[in-house]
Structures are given as C-alpha cells and as structure tokens.
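Below is one structure; the comments refer to it alone.
Convention: sequence-line order gives letters A, B, ...; per-chain numbering from 1.
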2 protein chains.
Amino acid sequence: MDENKKISIAVIKRLPRYFRYLSDLLKEGIERVSSKDLSERMGITASQIRQDLNNFGGFGQQGYGYNVKSLNVEIGKILGLNHGFKAIIIGAGNMGHALANYPNFEGRGFEIVGIFDVDPDLIDTKTNGIDILSMEMLDGFVKNNKVDVAILTLPYQFTREIAEKVVALGIKALWNFSPMDLKLPGDVVIENVHLSDSLMVLGFRLGKLKS
Amino acid sequence: MDENKKISIAVIKRLPRYFRYLSDLLKEGIERVSSKDLSERMGITASQIRQDLNNFGGFGQQGYGYNVKSLNVEIGKILGLNHGFKAIIIGAGNMGHALANYPNFEGRGFEIVGIFDVDPDLIDTKTNGIDILSMEMLDGFVKNNKVDVAILTLPYQFTREIAEKVVALGIKALWNFSPMDLKLPGDVVIENVHLSDSLMVLGFRLGKLKS
DNA sequence: TAGATTGTTAATCGATTAACAATC
DNA sequence: TAGATTGTTAATCGATTAACAATC
C-alpha cells in the first residue's frame, strides 16, 4: 500500500464505524468474520468493506475472511488510537462538563488534561478528577504541557477569538461545538460538531414522514 | 417542483448550512446574494448552490440573485422549523443537561417539554425551567402530551430498550447520543450523533498531519 | 482437493461541476 | 438596452457495486 495515498473522506468517516462493529464482535467472542457477514450486520455491501480495507492493506485471507481481533487492532492503529493525544476543554459549561465526563475518551486514545473557564465559581473545582482552571492560566498551561487538541465548548461569540489564540499557541487540532464553520489558516485540523444541524436534518425527515 | 421527488441525503445535510449562512448575511444587513457570492463564503461551487436550491423551487431571479431574507425563510420552511416539534430528553446526566440548556432549540423549531431520569436526587428538580421527572412517569406523560421526538442521552446498555419503549408509545423520531447505530423497524426517523466517531476522525487527521 | 472468500479490476451509478440559453 | 445571474441540461468526476481470477 502507498502510505501517502489520498484516502477519501467518505472512507475515513466509515473507519470508526468498522471499529465499533469489530469491538462488538470481539465482545461477543466471535473470532473471524467475512466481508459478507459484516456487511449484513452493518447494512453496507461486502464489496465496499473490502474496498475500504484495501486502502490500508490486505488484512484478510482468502477462504477464511478476517480475524476479528487483529482487524480491530489494525483499524485502531489506522485511527491513531494508540497516540495518547492530550486534550483540553475550553468552556466548562454543561457541554464542557458532559465531555469531561464522557466515558469513551480514554478508549479512543484521548486524555483530557485540563479544563478552562472564566467563571470564578467553577475555577479551582474539579470534574471527573480534572482541574478547572482560569482562562488566564491557558497560555502557561499550553506552553508547559503537551496539548494536542483543544475542545471548544464556549459561547458562540468567543469561539473564533479563542480558536485563533490556541492555534497561535501551537495547538494543531480543534474539536468545535459552536454552530459556526471554523476555518483557520495553516495546517490545523478542525472537526466541527454541529448539533443544531443534526437536529434540523431530523426535523426535515420527520416533516417528510408526517406529510 | 415535484413535492415527492427524492432528495439525496447529501443535499439535505447541506440545508442547515445554507440556513446558517443566510442567517448570518441577514444579521449583517445584506439584502441580496448571488450564488457566486455565497459560494465564496461557504467554500462550495455556485453551481452546487443553484442545483441544491432548485430541488425545492426557483427562489432566485436572473440578473439579481437571491433575496437573503426570503431565501432564509424558504429554507427554514423546507427544514420544518415552523413545525413546533415537542421533544423529551431521556437521561438527565451531563449530556441531558447540556441539551436541556442548549440555546438553539427554540430557534430551530423544537421545544423540550420534559426530562426523565431514574436518579431520585434529580427527580422533581428543574433545569432551564424544565421538570425532571421519574422514568415511571414516561408512559403517562407521552400519552397525555404531544411528544414528537425523544432525545436519548442515557447509558449505552439502556438505550436500545428505552428506544423500543418510546417507539411503542408512538414517538416517531429519535435523536440518539449513544455510540450505537440504533435501527428500529417501521417508519421511525433516527439521527445518530456519534461524538466518539467524530473524535476518531479528528485523531486520524491529526495523526496524518504529524506524520 | 474442493469450497470459500479475498483483493482487485471493470462497470455502474450518483453527485458535482461546467456551460449556456433564458430572462430579469 | 446591456449586463448580470439564474435555472437547467450536458459533461465530468468520484464513489459504489459487481464480477472474477487468485489463493488460502
């Protein structure tokens, strides 16, 4: 395989789903799976599964299928789950707290190492064992600690400014929960989570259903 | 236009984004916009914008472009933002609280009318003015009130069971925050929000960036 | 070995982009 | 009217699906 081959975003977005289904199979104690079996579980074609996986390597064996455990490990590696990325949360409101207490971070290769807010009532408290610090501590914290990702859960009007600030501090990845398409110059990776967009799609589909 | 023409999911997912950009233009006091102007703001092609919009009708005018306000209103109507859907949240943990306090629901045509949990410490308290009720009240509540959407923010292991329960009670739309692909028989609309999938895509992209 | 299932090439399908006549 | 920009058809591109030789 060509390490630098451009993988389409459609394929990348399916990887976490493969990872989840393989983890489930593993939990069920199933050792091997064919693309056909997996396709029936996932509701996609076997052809697509084989095409997707072969972007990264030949993980299967003719006549046998795929070994669940080793394929699960391989996809985990492809996703970088072993990188031990460190993340900070900026904005300790309800969403910040929800993410700080999210049970799936560690298993996904991410660790929350700090939370920042401006509210004096929150500063110097903890949630899920993680310190909530003053925004004034942000610069020093990022300079003195390894921080790979900033999770932005702050009010809309502060998001762009803070995003620019953390990127200036050298952070290369943003997970943005404000309803705006953050775009920043340079080699910064941004994932925008637009809950209200998802809700509107639900509304559209429900409206169609009822009509 | 043909009201029953099948609109592709790719188009539907772009509608909330159009709605957001048009709302922003409106706030900036801009009255008209051409597909070319909008395409530059949004980072997509003008051709795609015109194709997308013409799935629903001819909202523009040759030589002029689109009226921002009326296009915004039209897309809002297409998305069903005027339907006044009523939603309940099941699971008053951190994520449930975050969504109960989410400022964008009302403007998106949704109203939270109740929250349910099993925790005695939470039952009969309020958040954002909405009552948190015992799970035992769920049946009666749904039977006696208009409830269009159930928002599922409960632990993984309870999600499928509760999803089946609320669908049996007649709810036709689920917004699911558990990391599983809920699929239910019948004409039920389900939007799965997979935060950990989004995070893993971020991890993949960050890993590529660093290599 | 015979059967099963992959990896991979070719065909198909659908979505995006380009082009331009219609028209405001 | 002349210029601008839409709505829409045609061309292109990319993603999905089908087919099958390779091989375990």
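- Donor-acceptor pairing under 3.5 Å, judged by distance alone, is present between the side chain of Gln51(B) and the base of dT17(C).
- Where Gln61(A) and Arg14(A) each meet DNA chain D at their nearest nucleotide, the meeting point lying more 5' is that of Arg14(A).
- Counting heavy atoms from C-beta on, the side chains of Val166(B) and Leu138(B) come closer than 4.5 Å.
- Proximity of Ser35(B) to the phosphate of dT5(D): no side-chain N or O atom is located under 4.0 Å from OP1 or OP2.
- Taking atom CZ of Phe59(B) as the reference point, atom P of dT23(C) lies 19 Å away to the nearest angstrom.
- For the pair Leu195(A) and Asn104(B), the minimum side-chain heavy-atom distance is 4.5 Å or more.
- As rounded to whole Å, 13 Å separates atom C1' of dT6(C) from atom CG of Asp37(A).
- Phosphate proximity of dA22(C) to Gln62(B): absent, as no side-chain N or O sits under 4.0 Å from OP1 or OP2.
- Of the nucleotides present, dT6(D) is the one that pairs with dA21(C) by Watson-Crick or G-U wobble criteria, both distances under 3.5 Å.
- An OP1 or OP2 oxygen of dA4(C) is reached within less than 4.0 angstrom by no side-chain nitrogen or oxygen of Tyr66(A).
- In this structure, CD of Gln48(A) is placed 14 Å from P of dG14(C), rounded to the nearest angstrom.
- Residue side chain Ser47(A) reaches the base of dA18(D) through a donor-acceptor N/O pair under 3.5 Å, judged by distance alone.
- Neither OP1 nor OP2 of dT16(C) sits under 4.0 Å from any side-chain N or O of Arg50(B).
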Evaluate the salt bridge (Lys or Arg N to Asp or Glu O under 4.0 Å) criterion for residues Glu40(B) and Lys36(B): first the C-alpha distance (whole Å), next the side-chain angles of each, then the deciding distance (0.1 Å), finally the verdict.
CA-CA 6 Å; Glu40(B) 283 162 7; Lys36(B) 183 158 176 294; 3.3 Å; yes
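- If you take CG of Asp52(B) and C1' of dG7(D), they are 13 Å apart, rounded to a whole angstrom.
- For dC13(D), the paired nucleotide is dG14(C), the pair qualifying as Watson-Crick or G-U wobble because both relevant distances are below 3.5 Å.
- Atom CG in Leu53(A) sits about 13 Å away from atom C1' in dT8(C), given to the nearest Å.
- Taking atom NZ of Lys36(B) as the reference point, atom P of dG7(D) lies 17 Å away to the nearest angstrom.
- Exactly one of Arg17(B), Arg108(B), Arg20(B), Lys13(B) qualifies for a side-chain hydrogen bond (donor to acceptor under 3.5 Å, both in side chains) with Asp197(A). That residue is Arg20(B).
- Computed from coordinates, the Ile9(A) CD1 to dA15(C) C1' distance equals 17 Å when rounded to whole Å.
- Remark: P of dG14(C) and NZ of Lys6(B) are 12 Å apart, rounded to the nearest angstrom.
- Defined by atom type and a distance below 3.5 Å, a donor-acceptor pair is missing between the side-chain atoms of Thr159(A) and Asn176(A).
- For Thr45(A), the side-chain atoms get nearest to dT17(D) when compared with the rest of dT17(D), dG7(D), dT6(C).
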